[in-house]
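In listed order, ligands and their atoms are each counted from 1.
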Amino acid sequence: MSEKKRGVLVLYTGSSGVGKGTIMQELLKNDSSIRLSVSNTTRNPREGEIDGVHYNFVTKEQFTALIDEDGYLEYAQYCDNYYGTPKKQVEDMLNQGYNVFLEIEVQGGLQIMEKYPDVLSIFILPPSMESLERRLRRRGTEDEETIQKRLEAAKYEIGFKDKYKYNVVNGELDVAVNEVLDILHRAVNESN
Ligand code: 5GP
């Protein structure tokens with residue numbers, strides 16, 4: 001039996017409100033080789049979010065227990081909550097040949113770049129800061145203080161865009177989705 005080729009690890013970053021979750025849903029629909037890593041977080045679920053699907057919602061104690069076991073590929077604090085990528089699930093999916101996306105913020109992204117210098121890194125940009133603010137407000141899931149914090153975080157994060165191999169502007173959804181798929185498929189071909 002032939003051994004399955006290891007998948008490509010994709011670091012996928014974009015600030016809150018940039019629409020990276022929507023792009024991600026389209027990627028998953030379009031390409032069955034793609035898997036999204038499910039993170040652990042200490043933040044509360046938003047309406048409609050399902051434990052084990054969107055995140056594993058954990059307590060601070062559960063989160064730190066896995067840090068002590070060296071169970072994270074990376075983790076970071078973002079806007080008062082912890083977020084981390086459990087190591088085992090990512091390794092398992094890569095070994096099964098899936099192309100695994102880590103949808104994570106910039107501090108975690110930098111940790112991943114250190115550990116995996118060849119990681120396929122993609123940064124999703126808004127067409128403008130005004131459009132980002134509009135999207136964050138339209139989502140209506142956060143209070144004003146949280147929106148302000150997330151806008152500040154977005155400005156900070158965009159400052160790191162040049163550390164990523166690819167920048168994709170999410171102006172039109174279809175265009176952005178196709179651009180990410182092209183980037184992935186080129187990387188998969190190169191790794192053959
Ligand atoms: P949100 O609260 O909007 O779901 O996520 C806030 C930020 O945390 C987003 O930029 C999201 O991509 C990022 N994030 C989600 N999971 C992880 C993770 O496991 N590690 C890190 N470093 N960031 C994450």
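Residues Glu105 and Gln107 have side chains that bring a donor and an acceptor to within less than 3.5 angstrom of each other. Donor-acceptor pairing under 3.5 Å is lacking for the side chains of Tyr75 and Asn40.
For Tyr164, the ring-ring contact (aromatic ring centres under 6.0 Å, His included) test picks out Phe123, with sequence neighbours left out. Taking Arg35 as the reference, Met93, Tyr98 meet the side chain to side chain contact (heavy atoms under 4.5 Å, CB included) condition, with sequence neighbours excluded.
Under 4.0 Å from any atom of ligand 1, one finds heavy atoms of residues Gly14, Lys20, Ser39, Arg43, Arg46, Tyr55, Glu74, Ala76, Tyr78, Tyr83, Gly84, Thr85, Glu103, Ile104, Glu105, Gly108, Arg150.
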All N/O donor-acceptor pairs, side-chain side in residues 169-184, below 3.5 Å, sequence neighbours left out:
from	atom 1	to	atom 2	distance (Å)
Asn170	ND2	Val18	O	2.9
Asn178	ND2	Asp174	O	3.2

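Using a distance-only test at 3.5 Å, with no hydrogens or angles considered, a donor-acceptor pair links the side chain of Thr41 to the main chain of Tyr82.
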